[in-house]
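Report on the structure given below.
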Amino acid sequence: MGRLKIPSAAKYRKRIKSFVGLDVKRDESVVDFSCATRCYNFDFSSGALKDGYGIGNHAFVPREALRYWVYRFTNANGERLEQYIYQQPSGHLRYYDPTQDRIKYVATVAYEPIEALSYRLNSADVLLVSCKGRGLMVWDGLRFVEHKSPAITSMALHYERLFVTSADQPTKIFFSDDLDPTNWNTDGDAGGFIELLDERGDLNKVVSFGNYLYIFRDHGISRVTAYGDQSEFAVTGLFVTAGRIYPSSICKCGACIMFLASDGLYVFDGYDCTRRLVNLDGLIVPDDNCSAAFFGGKYYLACRMEFGDERKVGCETDDCTVNALLVYDVTTGEYSVSRGLNITALSACTFRGEDFLAACDGGRGGVIVRNGSRFESVLDKHWQSPSSDFGTPDRVKTLREVYTDAVCKFDLTLTADDKTKTLNVLNGACRNRVNMSCKRLSLAIDVYESDCNVRAPTVVYSSR
C-alpha cells in the first residue's frame, strides 16, 4: 500500500528590493509595494531606511539664535576676521567679537525679523540689513548706520546696484545708485524704480540669477535686464500661474531657483517653470509660513505638512505652524521628509572653515544634521507601505514569514485585510513567523531610536 501524498501549498516570496520613495497622491492600488504611502524621519536614498534629517546643537550657533549670519571683514590693522551676528527671539541683535572672544550686544533696540547680505561699500566689507519699520542699515562690524530707503521687503545685489521690493508700494521695484546702495535719490540718474501693473500681481521678492534680475510676484515671474545705465533697463514677463507663489520659499539653488506655489513645488531655470515632486501633492500645506535654503546641493524647505493621521511627533505636541522639513537634491531628485521640526529660519553658513546649515527650531538655535532627532529628543520614524494584493486580487494569501535585517530594534506592523499584528523585531537578520490570511496586505515600520538602518524585508506566503 503506497503512502498518502498530501499536496502542500506553493510558497511565494514578495521581496521589497529597496525603499524607493513616497507617494501620497495616487491610489494605493497602483502604488508599488516598495513605495511608501506615508514616511517621515527616514532617509531612504540608499535603499534602506536610515536616520532622516533633524536638528542639533553646534558650538558656533548660540542657543538663543533666532536668525543667524556670518560676516567677514578686515579691521584697522589689516587683519581678516570672521564674526557671526544673530537675532534673539526678543528682537535684539548680538554678535561674536573675535578680537575679544566674547558675545556683545549690537544695540539696545529690538528689531523686527531682519534680513542681511554682504557687500563691499567704499572699499570696506559691510552687511546690508533690512527689517520692517526701518530704512536700510549698514553694519561695519561695530555699529549700525541707518539710511533713508524704501520700506524693504526683499533685496538683491545686481550689477553693483541694490534692487528691493517695498511694503508701501508693492507694484514697484526700486533700485539704488550705481555702486552706492545707500543712495535712493530718484532725481537725475542715481536711483529709481520700475512699476509693473500687469496680471502677475504684487512684487514680493527679487533674485539676481545669471545675467538677469528676476521678480517673483503673486502670480508669476518677470525678468529685468539691468546692465549699468538705467535708461536701458528692460522688463520681460515670463511665468504666469493662477496659483499663488510664496516668497519665503524662494531660493536660488545653483543652476535653478526653487519655490513653493499654491499648486505645488516648482523649479525655475531662468526661462521655464517645471513641477517637482508631484507625488507629494496634498502632503505639503501651501502657505507662506515657511523658510528655505540651499546647502550641499540640496533645497531645504521648512513648511507645514498634513500627514493624515492622529499621531503627534516632536513639535506637534505644541501649537506650531511649521512641523516638517523637506530636503530635495536638485541634481538627483532624491528627497526625504522630516516630521516634528518647528523650523522658522534657515541660513547656509561657513565659519572658521566649517560649512553648516544654521536653523532655529521653536526659538532655539542649532544646525541641520542627519540624526533623526530634535536636539536631545529622538523623533519617531515611520514607514507605511500601500495595501497590496500581490497581483492576485481574487485569491486568499496565507502569510507564513517575514524576513528582516536591521541595525536597530523596530516594530513591524502587518495589516491583513481588517486584522492587525505588531511584531517587536530585534537587531540583525530575523525570521519572523506569521500566521495570517488575507487578500490584501500592508506593512508598517516604526523606529523609536537613533542610528537606525532597516533593510527591505521579504514576505513569504502561500496562495489558494
Side-chain angles (χ1 to χ4, degrees), residues 24-25 67 112-115 130-132 151-156 163-167 170-171 173 196 198-209 213-223 237-253 256-270 272-295 298-307 320-328 330 335 337-339 341-348 357 359-361:
V24 301
K25 183 178 181 180
R67 292 168 176 262
E112 293 288 327
I114 70 170
E115 298 294 339
S130 66
C131 74
K132 183 180 179 181
I152 299 172
T153 55
S154 77
M155 54 184 179
F163 288 79
V164 305
T165 52
S166 171
T171 62
I173 179 172
L196 304 177
D198 58 58
E199 72 277 11
R200 292 171 180 83
D202 289 348
L203 286 57
N204 298 317
K205 188 159 184 173
V206 284
V207 179
S208 179
F209 178 61
L213 185 81
Y214 293 91
I215 308 170
F216 286 80
R217 305 167 63 180
D218 281 347
H219 304 288
I221 304 172
S222 297
R223 184 181 69 200
L238 298 178
F239 178 65
V240 180
T241 176
R244 179 174 173 80
I245 297 174
Y246 300 108
S248 58
S249 70
I250 300 166
C251 184
K252 187 162 58 175
C253 300
C256 68
I257 298 172
M258 294 201 66
F259 63 89
L260 177 67
S262 57
D263 57 345
L265 196 67
Y266 282 86
V267 62
F268 175 61
D269 63 4
D272 300 307
C273 286
T274 309
R275 285 290 313 277
R276 288 290 187 271
L277 298 182
V278 179
N279 51 303
L280 300 188
D281 283 357
L283 178 65
I284 300 174
V285 177
D287 61 34
D288 208 33
N289 290 316
C290 54
S291 54
F294 180 63
F295 178 75
K298 296 178 176 64
Y299 172 69
Y300 291 75
L301 177 68
C303 60
R304 179 78 184 176
M305 293 189 185
E306 181 53 64
F307 291 91
C320 58
T321 56
V322 172
N323 69 334
L325 176 68
L326 171 69
V327 182
Y328 175 76
V330 297
Y335 62 95
V337 171
S338 296
R339 179 181 182 181
L341 300 173
N342 184 21
I343 295 173
T344 54
L346 291 163
S347 179
L357 182 57
C360 179
D361 181 308

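No experiment lies behind these values; they were computed from the predicted model shown. Start at 1 with the first residue, then count along the sequence.
Cation-pi geometry between Arg275 and Tyr266 is met: the NZ or CZ atom falls under 6.0 Å from the ring centre, inside 45° of the normal.
The side chain to side chain contact (heavy atoms under 4.5 Å, CB included) search around Glu306 returns Val285, not counting sequence neighbours. In this structure Tyr246 satisfies the ring-ring contact (aromatic ring centres under 6.0 Å, His included) test with no other residue, sequence neighbours excluded. Pro247 meets the side chain to side chain contact (heavy atoms under 4.5 Å, CB included) test with Asn204, Lys205, Ile250, Asp288; sequence neighbours excluded.
Between the side chain of Arg304 and the backbone N or O of Cys320, at least one donor-acceptor pair lies under 3.5 Å. In this structure a side-chain-to-backbone donor-acceptor pair under 3.5 Å is present from Asp361 to Asn342. Put simply, the side chain of Arg217 gets close to the backbone of Gly201: a donor and an acceptor are under 3.5 Å apart. With hydrogens and angles ignored, the 3.5 Å screen pairs no side-chain donor or acceptor of Ser262 with any backbone N or O of Pro286. Proximity of a side-chain donor or acceptor of Ser222 to a complementary backbone N or O of Ile215 within less than 3.5 Å is not detected. A donor-acceptor pair under 3.5 Å is absent between the side-chain atoms of Tyr300 and the main chain of Leu325, judged by distance alone. Under the 3.5 Å distance criterion, the side-chain polar atoms of Arg200 are matched with a main-chain donor or acceptor of Leu238. Between the side chain of His219 and the backbone N or O of Gly243 there is at least one donor-acceptor pair closer than 3.5 Å.
Of all non-hydrogen atoms in Met155 and Ser130, the two that sit nearest each other are CE-OG, 3.7 Å. Across all non-hydrogen atoms, the minimal contact from Val322 to Ala302 is CG1-C, 4.0 Å. Closest heavy-atom contact between Val330 and Met258: CG1-SD, 3.7 Å. For the residue pair Ile343 and Ser291, the shortest heavy atom distance occurs at O-OG, 4.0 Å. Contact record, Cys273 with Ile221: SG-CD1, 3.8 Å, taken as the closest heavy-atom pair.
In this structure, Ile152 CD1 and Thr165 OG1 are separated by 8.5 Å, a value rounded to the nearest 0.5 Å. Residue Leu341 holds its CG atom at 9.0 Å from CG of Asn323, rounded to the nearest 0.5 Å. With values rounded to the nearest 0.5 angstrom, Leu265 atom CG is found 9.0 Å from Cys303 atom SG. Taking SG of Cys290 as the reference point, atom CG of Leu260 lies at 6.0 Å (rounded to 0.5 Å). To the nearest 0.5 Å, the span separating SG on Cys251 from CG on Leu301 amounts to 9.5 Å. One finds the OH atom of Tyr335 at 4.0 Å from the CG atom of Asn279 (value rounded to the nearest 0.5 Å).
Using a 4.5 Å heavy-atom cutoff, the side chains of Asp198 and Val240 are not in contact. Between Leu326 and Leu280 the shortest side-chain heavy-atom distance falls below 4.5 Å. By the 4.5 Å heavy-atom criterion applied to side chains, Val327 and Tyr299 are not counted as neighbours. With contacts defined as side-chain heavy-atom distances shorter than 4.5 Å, the pair Leu213/Ile173 qualifies.
Considering Thr153, Val164, Leu196 as possible partners of Leu203, the one that fulfils the side chain to side chain contact (heavy atoms under 4.5 Å, CB included) test is Leu196.
In this structure, the ring of Phe268 has its center no less than 6.0 angstrom from the ring center of Phe239.
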